[in-house]
Amino acid sequence: MIPDELQHRPHRRLNPLTEKWVLVSPQRTERPWQGQVEKASRPASQTFDPSCYLCPGNTRAGGVRNPSYRSTFIFVNDFAALQPGGPAIHHRDSNLLVAETEHGICKVVCFSPRHDLTLSRMDLPSIRNVVNIWTEQYSELGALADIRYVQIFENRGELMGASNPHPHGQIWANETVPNEPHIEQLSQMYHLYEAHSCLLCDYLEIENKAAERIVCENATFIALVPFWAVWPYEVLLLSKRHVRDLAALQEAERDDLADILKRLTTRYDNLFETSFPYSMGFHQAPTDGEPHPEWHLHAHFYPPLLRSASIRKFMVGYEMLASPQRDITPEQATTQLRALSEEHFLDR
Ligand code: H2U
Ligand code: ZN
C-alpha cells in the first residue's frame, strides 16, 4: 500500500515504462478555476448523417464513395501521413542534423455504420468485429517487409482533435518503431535482462496485491489507473497473460477484450455523464521479425478531462517545460472510476 502521507503531500512518481517522473500535488485539488470551460459533449443524435464522410454510402473528402457497409469498414487514409514506396534517403550533417525518409501506410477504421454510436454504446459482437479488424491489420501490415511497427489508436471527441463524431480509429504502420513504443521497449528489455521477468507481469502482480488502483477486470484483462498516471483519469489496460501482441490472443481472450473495452468506456462516459473524450492506443511487439519476449500487450487511455465534463487538463507551462503534474492522486481517480455503474447513463 502507498503510505497515507503521500495522499496529502507533493511527491513524484516514476513511470518504469518511460523512465519519466510525474509530479503529484494532492494538496492542490481545491484550487479555483476561472479559465476555459468546455461544453459537455453529447454523442451524435442521428444514426446516419448525410454530411458525414465516414457514414455508409457517403462520399469522402478525398472524393471516394464509401460502400454501404454493415459492420466495420476500413480504408486507406485519403490524407495519409505516411506513404509506401519511394527512395530511401538518409541525411546526416555533423550528427546534429539528421533526417531520413519514413515509409508506411495509414488506414482509417470505421467501428460501426451507425453515426451515433461510440465503443461504449456498441454491442459486444460489434466491438468484437473491431477487435478482429485490429488483429488482422496488425498481422497483415506487420507481415510487409518494410513495416516494423503497427500503431492502432483512437482519438475520440473534439477535445482530442477527432475530426468527426462517427466512431472510428486509425492505424499507422511504419518502417521504424516510433518514440513511445521504442522507449517502452528499451525499459521492458532492460527489466527482462536484469530481473529475468517481464516488467508488466511483475507490475500486474504488485497491483493485484495492492488492489488500490484496479478499476475493473475480467478473466483476460485488467483496467487500472497506473501508479504513475499523468492524465487525471488515465487507464492502463493490461492483458493478464504474458502475450506480446493482439495476434497472440485466443478467441475467448478477444471476446474478453471487447468486454473490457465496453465496460471501461461506459464507466468513462458515466463519470461526467458525457461522451468522454480520450486518445487510446495499443502498444505491442514490433513486427521486425525478432521474438520480443520482453513485450507485454497493453493499451493506454489518455483522457483530457479534469474535474467535470467542462474542465479539461492542460499540459502547458511546467508540464511542457519541466515535468507532467497532476492534482488528484491515481488512487483517488480509481475510487471514482470504480464506484461507477457499467450501465450507460443514456440507456438508463
Ligand atoms: P481523426 O478523427 O482521428 O483525425 O481521424 C480521421 C482521419 O480520417 C484523418 O486522419 C481521414 C483524415 O485524414 N480522412 C480520410 O481519410 N478521408 C476523408 O474523407 C476525411 C478524413
Ligand atoms: Zn457518420
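Just follow the structure's listing: the first ligand is 1, and inside any ligand the first atom is 1.
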When you check the gap from the basic side-chain N to the acidic O, do [X] and [Y] get nearer than 4.0 Å?
X: D116; Y: R121; value: no
X: R263; Y: D256; value: no
X: R326; Y: E234; value: no
X: E343; Y: K262; value: no
X: R148; Y: E290; value: no
X: K313; Y: E319; value: yes

Give the numbers and elements of all ligand 1 atoms closer than 4.0 Å to a heavy atom of [X].
X: N155; result: 3 (O)
X: A162; result: 2 (O)
X: Y53; result: 18 (C), 19 (O), 20 (C), 21 (C)
X: G62; result: 19 (O)
X: F75; result: 15 (C), 16 (O)

What about the rings of [X] and [Y], do their centers lie closer together than 6.0 Å?
X: F153; Y: W134; answer: no
X: F73; Y: F75; answer: yes
X: H298; Y: H300; answer: yes

* Starting from Y149, walk the hydrophobic network (Ile, Leu, Val, Met, Phe, Trp, Tyr; side-chain heavy atoms closer than 4.5 Å) and list everyone else you reach, by chain and number. => V177

Nearest protein heavy atom to [atom], by residue and atom, and its distance?
atom: atom 16 (O) of ligand 1; answer: D78 N, 2.7 Å
atom: atom 6 (C) of ligand 1; answer: S163 OG, 3.3 Å
atom: atom 8 (O) of ligand 1; answer: V108 CG2, 3.6 Å
atom: atom 5 (O) of ligand 1; answer: Q170 NE2, 2.9 Å

* Within reach of ligand 1, part of N77 (heavy-atom separation under 4.0 Å) -> both

* Structure fact -> At under 4.0 Å between heavy atoms, what of H168 touches ligand 1? The answer is side chain

* To do: Provide the closest heavy-atom pair for P324 versus V230 in the form atom of the first, atom of the second, distance.
  => CB-CG1, 3.6 Å

* To do: Mark the output for F153 as yes if a heavy-atom distance to ligand 1 is under 4.0 Å, and as no if none is.
  => no

* Charged tip of R12 within 45° of W21 ring normal and under 6.0 Å -> yes

* Asked: Would you say A61 and ligand 1 have an N/O pair spaced under 3.5 Å apart?
  -> yes

* **If only protein N, O or S atoms under 2.8 Å count, total around the Zn ion (ligand 2)** => 4

